[in-house]
There are 2 protein chains.
Amino acid sequence: MSPRPVPEAEPAQPRWLDAEEQKAWRAWLYSTTLLQDRLERDLTHSAGVSSAYYEILVQLSEAPERRMRMSQLADRCLASRSRLSHAVSRLEERGWVAREVCVEDGRGQLAVLTDQGMAALVEAAPVHVASVREHLFDQLSPAQIAAMRDIGETLLRHLDAR
Amino acid sequence: MSPRPVPEAEPAQPRWLDAEEQKAWRAWLYSTTLLQDRLERDLTHSAGVSSAYYEILVQLSEAPERRMRMSQLADRCLASRSRLSHAVSRLEERGWVAREVCVEDGRGQLAVLTDQGMAALVEAAPVHVASVREHLFDQLSPAQIAAMRDIGETLLRHLDAR
DNA sequence: GCGGAATAGTCAAGAGCTCAACTACGCTTC
DNA sequence: GAAGCGTAGTTGAGCTCTTGACTATTCCGC
């Protein structure tokens with residue numbers, strides 16, 4: 001598969017990143033990648049669950065009656081429906097999540113966090129929090145943490161609006 | 001990041017995130033995930049290459065004589081050796097990268113960026129830069145960009161050290 | 001030189017993700 | 001109340017990544 005021609009809508013030559021932007025970009029790219037990798041590794045090694053699966057458990061644990069429609073769950077986990085469907089199937093095999101039919105909508109399904117799943121989450125959560133603290137919050141000053149939040153929220157306003 | 005308090009003894013209960021930290025954490029987690037997804041999609045759809053593969057091309061293009069030892073390339077791309085080996089194989093199939101034996105070290109291999117690979121990179125780069133600009137730099141003030149770099153470099157000093 | 005430890009890279013099996021096709025149900029219209 | 005369309009969710013093929021084993025080569029102390 002060879003690269004397709006660039007659509008002509010784009011300017012032929014966009015503004016390159018200057019030296020400052022390059023450094024900011026590299027710092028963001030590397031730090032986010034390394035931090036995510038690190039948190040992922042800590043979580044999988046200590047709790048036996050990936051961050052994607054952990055997020056599903058968290059969202060369900062916070063939902064009323066520990067159950068949620070598949071679509072809504074997918075949205076909250078920033079996952080596609082297909083991905084969520086696969087993931088829930090795996091979690092079902094472990095007995096951590098169960099599927100229920102939705103009475104209000106015959107097309108729908110509910111994902112339910114089982115007691116066993118809740119127990120797994122309760123065991124994993126402290127380890128995960130400790131990891132986030134160690135590699136993120138403990139490294140940053142209060143001002144940096146505030147700035148991180150500000151930047152994140154600014155980007156979210158743009159990205160959520162698509 | 002619940003579950004809510006579990007006062008009865010878990011081993012070494014860590015300090016939970018307070019409300020401020022929760023918001024900062026969620027903002028970071030969602031914004032980085034959405035931004036990475038967005039850049040990834042832009043890159044794959046417009047240039048037909050994932051960001052991981054793009055990074056390989058970039059690193060090779062900046063290396064002396066456009067070639068680099070496999071291990072060094074893996075380090076720079078934040079990839080495992082296995083992952084890089086697979087990726088280089090795919091890029092080789094496209095004719096964008098070639099393998100060469102290393103004369104100084106019989107165990108070693110060199111990855112070389114071909115002319116065709118360089119051409120693909122030259123075509124992809126402007127689109128990628130435009131995407132990074134649109135979704136990152138255009139959204140942030142100069143102060144936010146400086147803070148982003150500062151935070152990223154602070155985290156890198158911690159994460160690189162291990 | 002020689003043998004053991006370390007290093008470079010590849011490979012095979014298994015898991016997760018994406019894309020597109022598919023089933024099943026609900027809603028609207030006539 | 002049947003047709004047509006949109007929505008909810010699942011499935012399967014193909015790809016990528018991870019882990020751990022494996023080969024080949026180099027390094028180093030003797």
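Scope of the values below: all heavy atoms of this structure, side chains included, with no hydrogens, waters or symmetry mates. Within every chain, numbering begins at 1; the chains are lettered A, B, ... in the order of the sequence lines, protein sequences first and strands thereafter.
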Let's see if you can work this out: which of dA8(D), dG9(C), dT10(D) has an atom nearest to the side-chain heavy atoms of Asp105(A)? dA8(D)

Send over the distance from [X] [atom1] to [N] [atom2], rounded to a whole Å.
X	N	atom1	atom2	answer
Glu40(B)	dT18(C)	CD	C1'	11 Å
Glu104(A)	dC27(C)	CD	C1'	17 Å
Arg81(B)	dA6(C)	CZ	P	15 Å
Leu73(A)	dA8(D)	CG	P	14 Å
Gln72(B)	dA8(C)	CD	P	11 Å
Leu91(B)	dT16(D)	CG	C1'	12 Å
Asp75(B)	dT7(C)	CG	C1'	13 Å
Leu110(B)	dT10(C)	CG	C1'	16 Å

Distance col, row Leu159(A):CG vs Asp37(B):CG, nearest 0.5 angstrom, shows 9.5 Å

Pairing of [X] and [Y] as salt bridge, 4.0 angstrom limit:
X	Y	answer
Glu93(B)	Arg99(B)	no
Asp18(A)	Lys23(A)	no
Glu153(B)	Arg149(B)	yes
Arg38(A)	Asp42(A)	yes

The residue, Met70(B) or Arg94(A), whose nearest nucleotide of DNA chain C is more 5′ is Met70(B)

Under 3.5 Å, sequence neighbours excluded: what are the donor-acceptor pairs made by side chains of residues 73-81 of chain B?
| residue | atom | partner | partner atom | Å |
| --- | --- | --- | --- | --- |
| Ser80(B) | OG | Arg83(B) | N | 3.0 |

Output one line per pair: protein atom, nucleotide atom from nucleotides 19-24 of chain D, and distance, for all N/O pairs under 3.5 Å.
| residue | atom | partner | partner atom | Å |
| --- | --- | --- | --- | --- |
| dT19(D) | O4 | Ser82(B) | OG | 2.8 |

I'd like to know if the side chain of Glu40(B) and the backbone of Ser51(B) have a donor-acceptor N/O pair within less than 3.5 Å. yes

Using heavy-atom distances to pick each residue's nearest nucleotide on DNA chain D, tell me which of Gln109(A) and Ala52(B) is more 5'. Gln109(A)

When you check the phosphate oxygens OP1 and OP2 of dT16(D), does a side-chain N or O of Arg90(B) lie under 4.0 Å from one of them? yes

